[in-house]
Novice: 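Before anything else, here's the structure in question.
Throughout, residue positions are numbered sequentially from 1 according to the sequence presented.
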Amino acid sequence: MWIIPRNLRHSVRRACWAAFLTGLSPCLAAPPSASASAATDSPIRFTDVTRQTGIDFVHTDGSSGQRYIVETVSAGIATFDYDNDGLTDILFLNGAPLGQATTNTPSTCRLYRNEGGWRFTDVTQRAGLAIPCYALGVAVADYDNDGDADLFLDNFGPNLLFRNRGDGTFEEVAAAAGVAGTATHVGAGTVFLDMDGDGDLDLYVGHYIGLTFARHHIVRFNGHPAYVGPLNYPTTASCLYRNNGDGTFTDVSVASGIGTHEGAAMGVVAADFDGDGDTDIFVGNDETGNFLFVNDGRGRFQESGLLRGVGYDAAGRAHGTMGVDCGDFDNDGQLDFYATSFQREAPVLYRNRGKGLFEDVTAMTGAGARMAALVTWGCGIVDLDNDGHRDLFIAAGHLQDNVELYDSSTTYHQRNRVLRNLGNGKFADVTAQSGDGMRVELSSRGAAFDDLDNDGDLDVVILNSRREPTVLRNDTPPAHRWLQVRLRGTTTNRDGVGARVIVRAGDLTLTDEVHSGRSYQSHFGTRLQFGLGPRDRVDEVEVRWIGGGTNRIRNPEINRVLTVTEAPNSEGATAAPASALKN
């Protein structure tokens, strides 16, 4: 048995212990073959359309050979409609030079406007977003309830809050709003949520570690330099800001209970996991137990990850948790969590058992199959073929760019994964059968899932470290029906963030919520997607708004985008066909 000092455990795991692990076990030594999928036919098809989009973004993590830890966690991505034209646009987060490194052309995040027909135009300068920063996490929501989508970037260095002016441009207001943060925190996942049910959106800002360049160091394995992990740096508490309703925020981190817990936050998602009408926060921590902050309805939180069953895996182990998402994978009306993780730690599926408790069902469902050799990041619990069962998409790629020099069991560039939900509590790896888009091998990070061409199915955008992104068009045959739901709050927050939507169609009941910020430090899915399978009608759509109001819409048309405006009754709901949207 090897005894590893605590302060080196993360670095050793991150370097894979190749000198002695390779020979321990066939399942540890051999990386999974991308073609080793379950012998299950799958209709899911993705086509790589990156080249035809006109997107010329190339990610940088600022790497200069010094191996600063912040390079390993860069970066997320956002899909959202910034100009209210009915088409989903894409924001790619970006790094910047680190330490003493300089450049004559500082990098910025890049916003691409969706022009329809799978063409995108770079509007970063025009939109006012060309501000150099080292961006890591992003959340999108209408925090000032003025009718358009605003952006928050959780950075290494001062954070940025971009207020959407409604004319296609943004104004940076983080300092004036009181959410700029500090220069030494490495950012992570971030989410908007209405923590106290007062109708405006508050802001959770995740922190990975505290970092100054004076504390920087590396490790070596078999003589090769490697990045260290978060346990080599001070852990930090994340921040929670209460929206004052006047464009400013107040730091309530300590008073709320959030600021009394330190960890290495990465992916974050806010969701009402216990169905009590208020929004809780799940935080994936790297190499320390995950946090589940349970809301008392007034904006005070109790950390209950261990007690609720999501702090660790079934064997009681803390994972290097990367991305987290939530969704009802088994259609029982309860929101489940999925968490990606580091090499030799398969992603974990936490099934919601009700009564506020979870169980690790990864092994029995196959939700982590053939991923032990991967490092997994962005993820989505999303219905990719509209059959009424939510599938899993996982972005993968190692963070040690020279890992193959000292670990023969893995690679730096890796294929992403698709696990199809078979509808019987099991998942099957159908990556090899899911089109040429799943043959791309890069080192992926953030992933987002939205209907980019308004044809009724979910497409995928992936941010790849140090490379161009991957844009995947969903070419799954349209054999199934669907409904998309877009919310418009009136007394509650305008985007309906935190609202629960229940779709009833004969024997099928589907449950989802609107989230702002999710996956690996990313944002997607403001317009909710419901696959109906062969069912040709929806009996009812029920919307439970934050604050207690409920709308019921009977017999809406399907294969449509249904816009539900908060009202005392079912009035205010309209349905538009996909063809009515610009595409």
Novice: With rounding to the nearest 0.5 angstrom, report the CG to CG distance, Leu292 to Leu307.
Specialist: 10.0 Å

Novice: Test your reading of the model: is there a side-chain donor-acceptor pair from Ser522 to the backbone of Ile77, 3.5 Å cut-off?
Specialist: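 The answer is yes, because a donor-acceptor pair under 3.5 Å joins these two groups.
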
Novice: Between Ser444 and Asn416, is any side-chain donor less than 3.5 angstrom from a side-chain acceptor?
Specialist: yes

Novice: Within the side chain of Ser253, is there an N or O that forms a donor-acceptor pair under 3.5 Å with the backbone of Leu240?
Specialist: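 Present.
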
Novice: Does Thr362 offer a backbone N or O that forms a donor-acceptor pair with the side chain of Asp360 under 3.5 Å?
Specialist: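 Checking the backbone N and O of Thr362 against the side chain of Asp360, a donor-acceptor pair under 3.5 Å is found.
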
Novice: According to side-chain hydrogen bond (donor to acceptor under 3.5 Å, both in side chains), does anything in residues 350-359 pair up with another residue at least two apart or in another chain? List the pairs.
Specialist: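 Pairs touching residues 350-359 that pass the test: Asp330-Arg351, Arg351-Glu359.
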
Novice: For a side chain to side chain contact (heavy atoms under 4.5 Å, CB included) check, start with the C-alpha distance between Leu91 and Leu151, then their side-chain angles and the critical distance, and finish with the verdict.
Specialist: CA-CA 10 Å; Leu91 177 73; Leu151 295 169; 4.1 Å; yes

Novice: Regarding Asn295 and Thr279, do their side chains bring together a donor and an acceptor under 3.5 Å, going by distance alone?
Specialist: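 No.
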
Novice: Is it the case that atom CD in Gln302 sees more than 12 heavy atoms from other parts of the structure closer than 6.0 Å?
Specialist: no

Novice: Do Pro132 and Ser107 come within less than 4.5 Å of each other through their side chains, counting heavy atoms only?
Specialist: no

Novice: Would Asn285 and Thr321 count as a side chain to side chain donor-acceptor pair (under 3.5 Å) if you check the C-alpha gap in whole Å, the side-chain angles of each, and the deciding distance to 0.1 Å?
Specialist: CA-CA 5 Å; Asn285 283 317; Thr321 303; over 6 Å; no

Novice: Determine whether Val252 and Ile258 make a side-chain contact, defined as any pair of heavy atoms from C-beta on separated by less than 4.5 Å.
Specialist: no

Novice: Does Ser304 reach the main-chain N or O of Arg308 with its side chain, forming a donor-acceptor pair under 3.5 Å?
Specialist: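 Pair absent, no side-chain N/O of Ser304 close to backbone of Arg308.
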
Novice: Report yes or no: does Gln66 contribute a side-chain atom to a donor-acceptor pair with the main-chain N or O of Ser63 at less than 3.5 Å?
Specialist: no

Novice: Quick one: does Asn243's side chain have a donor or acceptor within less than 3.5 Å of a partner on Phe249's backbone?
Specialist: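 Answer holds: no.
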
Novice: Given Tyr208 and Tyr233, is the ring pair (Phe, Tyr, Trp, His ring centres under 6.0 Å) satisfied, shown in steps?
Specialist: CA-CA 10 Å; Tyr208 183 53; Tyr233 293 94; 9.0 Å; no

Novice: Specify whether Phe213 and Phe156 have parallel, tilted or perpendicular ring planes, treating 30° as the upper limit for parallel and 60° as the lower limit for perpendicular.
Specialist: perpendicular

Novice: So, Thr365 side chain and Val361 main chain: donor-acceptor pair closer than 3.5 Å or not?
Specialist: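 It does hold such a pair.
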
Novice: Check this for me, if you would: do Arg466 and Asp401 make a salt bridge, where the nitrogen-to-carboxylate-oxygen distance has to be below 4.0 angstrom?
Specialist: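 Salt bridge: yes.
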
Novice: Is the distance between the ring centroids of Phe293 and His261 less than 6.0 Å?
Specialist: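 So the answer is yes for these two rings.
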
Novice: Taking the side chain as every heavy atom from C-beta outward, state whether Leu231 and Thr288 have any atom pair closer than 4.5 Å.
Specialist: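 Yes, side chains in contact.
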
Novice: I'd like to know if the side chain of Asp450 pairs up with that of Thr79 as donor and acceptor (distance under 3.5 Å, no hydrogens or angles considered).
Specialist: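 Distance-only check passes for Asp450 and Thr79.
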
Novice: Less than 4.0 Å between a side-chain N and a carboxylate O, is that true for Asp200 and Arg242?
Specialist: no

Novice: Are Asp407 and Arg344 within salt-bridge range, i.e. N to O under 4.0 Å?
Specialist: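 So Asp407 pairs with Arg344 through a salt bridge.
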
Novice: What is the distance from atom CZ of Phe192 to atom CG of Asp142, rounded to the nearest 0.5 Å?
Specialist: 9.5 Å

Novice: Which atoms form the tightest heavy-atom contact between Leu335 and Asp272, and what is the distance?
Specialist: CD1-O, 4.2 Å

Novice: Would you say His398 and Gln343 are linked by a side-chain donor-acceptor pair, where the criterion is simply a distance under 3.5 Å?
Specialist: yes

Novice: May I ask you to test the Ser465-His59 pair for a side-chain heavy-atom distance under 4.5 Å?
Specialist: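 Yes, their side chains come closer than 4.5 Å.
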
Novice: Just one of Arg467, Arg417, Arg415 clears the salt bridge (charged side-chain N to carboxylate O under 4.0 Å, His left out) bar with Glu441, so which one?
Specialist: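 With Glu441 as partner, salt bridge (charged side-chain N to carboxylate O under 4.0 Å, His left out) holds for just one option, Arg415.
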
Novice: Can a donor-acceptor pair be found between the side chains of Thr340 and His319 at a distance below 3.5 Å?
Specialist: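 Side chains of Thr340 and His319: no pair found under 3.5 Å.
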
Novice: Verify, without hydrogens or angle tests, whether Glu172 (side chain) and Ala174 (backbone) share a donor-acceptor contact under 3.5 angstrom.
Specialist: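 Between the backbone of Ala174 and the side chain of Glu172 there is a qualifying donor-acceptor contact (under 3.5 Å).
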
Novice: Find out whether the Lys NZ or Arg CZ of Arg163 is both under 6.0 angstrom from the six-membered ring centre of Tyr143 and within 45° of the ring's axis.
Specialist: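 No - Arg163 does not lie over the ring of Tyr143 by the 6.0 Å and 45° rule.
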
Novice: Given side chains that start at C-beta, do those of Asn464 and Thr470 come closer than 4.5 Å, heavy atoms only?
Specialist: yes

Novice: Does Arg317 qualify as a cation-pi partner of Tyr312, given the criterion of NZ or CZ under 6.0 Å from the six-membered ring centre and within 45 degrees of its axis?
Specialist: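 Not satisfied by the 6.0 Å and 45° rule.
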
Novice: Any donor and acceptor pair, going by atom type alone, linking the side chain of Trp377 with main-chain N or O of Gly397 inside 3.5 Å?
Specialist: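 Pair found, side chain donor or acceptor close to backbone of Gly397.
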
Novice: In a table with atom names and distances, give each donor-acceptor pair under 3.5 Å that connects a side chain of residues 178-185 to protein atoms at least two apart or in another chain.
Specialist:
unit_1, atom_1, unit_2, atom_2, d
Thr182, OG1, His185, ND1, 2.9

Novice: So how far is it from His216 NE2 to Leu211 CG, rounded to the nearest 0.5 Å?
Specialist: 9.0 Å

Novice: With rounding to the nearest 0.5 angstrom, report the CE to CD1 distance, Met322 to Ile394.
Specialist: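 Separation between the atoms: 14.0 Å.
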
Novice: Do Asp325 and Ser519 get their side chains close enough for a donor-acceptor pair, meaning under 3.5 Å?
Specialist: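 The answer is no; no qualifying pair exists.
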
Novice: Given Phe162 and Phe152, is the ring pair (Phe, Tyr, Trp, His ring centres under 6.0 Å) satisfied, shown in steps?
Specialist: CA-CA 6 Å; Phe162 290 101; Phe152 179 78; 9.7 Å; no

Novice: With under 30° as parallel and over 60° as perpendicular, where do the rings of Phe57 and Phe92 fit, or are they tilted in between?
Specialist: parallel

Novice: Indicate whether the side chain of Ser238 and that of Tyr204 have a donor and an acceptor atom separated by less than 3.5 Å.
Specialist: yes

Novice: Provide the closest heavy-atom pair for Leu419 versus Ala367 in the form atom of the first, atom of the second, distance.
Specialist: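 Looking at all heavy atoms of both residues, the shortest contact is CD1-O, 3.4 Å.
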
Novice: Output every pair passing ring pair (Phe, Tyr, Trp, His ring centres under 6.0 Å) with a member in residues 263-285, not counting sequence neighbours, ordered by first then second residue.
Specialist: Phe273-Phe358, Phe282-Phe337

Novice: Any luck finding a side-chain donor-acceptor pair between Ser443 and Arg445 under 3.5 Å?
Specialist: yes

Novice: Assess the residue pair Tyr520 and Val73 against the criterion (side chain to side chain contact (heavy atoms under 4.5 Å, CB included)); give the C-alpha distance rounded to whole Å, side-chain angles, the decisive distance to 0.1 Å, and a yes or no.
Specialist: CA-CA 9 Å; Tyr520 181 69; Val73 294; 3.3 Å; yes

Novice: Would you compute the distance between atom CG of Leu392 and atom CZ of Arg390 and round it to the nearest 0.5 angstrom?
Specialist: 10.5 Å

Novice: Measure the CG-OH distance between Asp150 and Tyr82 for me, rounded to the nearest 0.5 Å.
Specialist: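 Output value for this atom pair is 14.0 Å.
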
